[in-house]
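To keep things clear, I will list the structure first and then write my remarks on it.
Predicted model, so just to flag it, every value in this text is computed and none were measured. Numbers for residues simply follow the sequence, beginning at 1.
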Amino acid sequence: MSKRTTDTAEPPLDAATEAFLAHRNLLFTVAYEMLGSAADAEDVLQETWLRWVGVDSGTVREERAYLVRIVTRQALDRLRALGRRKESYVGPWLPEPLLTAPDVAEDVELADSVSMAMLVVLETLQPIERAVFVLREVFDLDYDEIAEAVDKTPAAVRQIAHRARAHVAARRPRGIASPAETRAALQAFQRAVETGDLQSLLDILAPDVVALSDGGGIKHALPRPVVGVDKVARLLAVGWWKRDAERSVELVQVNGGPGLLVRVNGELDGVLAVRFEDGHVTGLYHVRNPEKLSRVDRETAVSR
């Protein structure tokens, strides 16, 4: 009697699915940088997929450009809706943090583009300006490609890009620190946070350090930015943490840069993204809203 065998091989993917999966990380990164929300970026990817599978492949000259055009248009629609949602948001709004792989930090330009600091700056742009800036400055698309994605003429896109570039340049952080430059400083900052030692915090914080937090009306958060080494040091030493609870912090990569996962009594309490320049902390972005912490249990792939 012959032995019966079962073929368990996966069926081959169709061409549309292969193309989408090949560019998925790029498309997610475009949507996330435009929206500052991983959940909304995933929704945009789903909408992009539904439109992509309905496209006649014979009309597509270049799959990457075509997919970027679809995701940009969907993200713009979502961005305008998000603007209305943010108007009713309780307290300050910060981007949804992502845990990223160590190799993201090695790509300095990519790490800077997805950093919490940059995403906060991008929030100050109009939707069309944000789309043009992201596509041009981060993904290096040419003006003709961007024009098709945002339904503008190439000449108009050039003007928008110039305006957005100047706006971001006036507000973006001063410099980009390499992973090697931040490693020792981050460990020193971690020790200072864990102990609440005021002098250690004063030593590691920059004179003009800024702290922002987002609780979404669910968790306590700062109602406005706290600026200056003395105020931020005292905030970290006595005001930000529950001193009567069991507290722990874990070093992680957040949005391509250094950060801490903060746990209270063993439960995740927040994510603290840290901006370093010249060995000192210049920015702290503390997200406590539990609705924004769903992706910090795993790494999220981002790419250019």
Kindly indicate whether the side chain of Leu212, heavy atoms from C-beta on, has any atom under 4.5 Å from the side chain of Pro92.
no
Same hydrophobic cluster for Ile218 and Leu261, using side-chain heavy-atom links shorter than 4.5 Å among ILVMFWY?
no
Using 4.0 Å as the upper bound for N to carboxylate O, is an ion pair formed by Lys219 and Asp269?
yes
Sub-3.5 Å donor-acceptor pair from the side chain of Asn255 to the main-chain atoms of Val114, do we have one?
yes
Counting N and O atoms only, with roles assigned by atom type, does the side chain of Ser213 sit under 3.5 Å from a partner on the main chain of Leu222, one being a donor and the other an acceptor?
yes
Interatomic spacing from CZ in Arg165 to CG in Leu125 - rounded to 0.5 Å:
12.0 Å
Does any part of the side chain of Asp40, heavy atoms only, come nearer than 4.5 Å to the side chain of Arg85, both counted from C-beta?
yes
Using a 3.5 Å distance criterion without hydrogens, assess whether the side chain of Glu96 forms a donor-acceptor pair with backbone atoms of Ala39.
yes
Could you go through Arg24 and Glu42, starting from their C-alpha distance and side-chain angles, then the distance that decides it, and tell me whether this counts as salt bridge (charged side-chain N to carboxylate O under 4.0 Å, His left out)?
CA-CA 10 Å; Arg24 190 188 188 284; Glu42 291 288 0; 2.7 Å; yes
Taking the six-membered ring for Trp, are Phe276 and Phe189 parallel (under 30°), tilted (30 to 60°) or perpendicular (over 60°)?
perpendicular
How long is the gap from OG on Ser115 to CZ on Arg275, to the nearest 0.5 Å?
5.5 Å
Using only atom types and a distance under 3.5 Å, with no angle test, would you say the side chain of Arg130 pairs donor to acceptor with the backbone of Met34?
yes
Which heavy-atom pair separates Tyr32 from Ala41 by the least distance, and what is that distance?
N-CB, 3.8 Å
What's the spacing between Ile204 CD1 and Gln199 CD if we round to 0.5 Å?
12.0 Å
Hey, is CD on Glu267 packed in by over 12 heavy atoms from elsewhere, all under 6.0 Å?
no
Would you name the heavy atoms of Ala221 and Gly215 that are closest together and state the gap between them?
CB-N, 3.3 Å
Contact summary for Thr100 and Val254, nearest pair of heavy atoms
OG1-C, 4.2 Å
Cationic tip of Arg136 within the cone over Tyr143's six-membered ring, i.e. under 6.0 Å and within 45° of the normal?
yes
Leu260 side, atom CG; Leu284 side, atom CG - distance, nearest 0.5 Å
9.0 Å
Count the heavy atoms belonging to other residues, nucleotides or ligands that lie under 6.0 Å from NZ of Lys152, then report whether that count exceeds 12.
no
Verdict with supporting geometry, Arg163 and Ile160, side chain to side chain contact (heavy atoms under 4.5 Å, CB included)
CA-CA 5 Å; Arg163 186 168 65 244; Ile160 294 169; 3.6 Å; yes
Can you find a heavy atom in the side chain of Gln253 that is under 4.5 Å from one in the side chain of Val104?
no
Nearest heavy-atom contact between Ala192 and Leu201 is CB-CD2, 3.6 Å
Say whether Val60 and Leu67 are linked into one hydrophobic cluster, either directly or through other cluster members, by side-chain heavy-atom distances under 4.5 angstrom.
yes
Do the charged groups of Asp151 and Arg69 touch, with an N to O distance under 4.0 Å?
no
Side chains of Val287 and Met116: closer than 4.5 Å at any heavy-atom pair?
yes
Exceeds 12 heavy-atom contacts within 6.0 angstrom, atom NZ of Lys231:
no
Should we say atom CZ of Arg298 is surrounded by more than 12 heavy atoms from elsewhere, each under 6.0 Å from it?
yes
Between the side chain of Asp214 and the main-chain N/O of Trp93, is any donor-acceptor distance below 3.5 Å?
no
Would Val44 and Glu47 count as a side chain to side chain contact (heavy atoms under 4.5 Å, CB included) here? Give the steps.
CA-CA 5 Å; Val44 163; Glu47 294 161 0; 4.3 Å; yes
Answer yes if Tyr285 and Val227 sit in the same cluster of Ile, Leu, Val, Met, Phe, Trp and Tyr residues linked by side chain heavy atoms under 4.5 Å apart, and no otherwise.
yes
According to a 4.5 Å side-chain heavy-atom criterion applied to Ile, Leu, Val, Met, Phe, Trp and Tyr, with indirect links allowed, do Val90 and Leu293 form part of one hydrophobic cluster?
no
For Arg51 and Val55, work out which heavy atoms get closest and say how close.
O-CG2, 3.2 Å
So do Pro102 and Glu299 actually touch side chain to side chain, heavy atoms under 4.5 Å?
yes
Donor-acceptor pair, side chain of Arg171 and main chain of His167, under 3.5 angstrom:
yes
Step by step, would you call Glu63 with Trp52 a side chain to side chain contact (heavy atoms under 4.5 Å, CB included)?
CA-CA 10 Å; Glu63 291 172 340; Trp52 171 243; 4.0 Å; yes
Taking all atoms of both residues into account, what is the closest heavy-atom pair of Val120 and Pro95, and its distance?
CG2-CD, 4.0 Å
Close side-chain approach of Leu50 to Gln46, heavy-atom, < 4.5 Å
yes
Val53 vs Phe20 side-chain heavy atoms within contact, under 4.5 Å
no
With side chain to side chain contact (heavy atoms under 4.5 Å, CB included) as the test, would you mind laying out the steps for Leu26 and Val68 before giving the verdict?
CA-CA 8 Å; Leu26 164 73; Val68 168; 4.1 Å; yes
Indicate yes or no: at least one non-hydrogen side-chain atom of Met118 is less than 4.5 angstrom from one of Val168.
yes
At what distance, to the nearest 0.5 angstrom, does OG of Ser37 lie from NZ of Lys86?
8.0 Å
I need the Glu33 CD to Phe28 CZ distance, nearest 0.5 Å.
10.0 Å
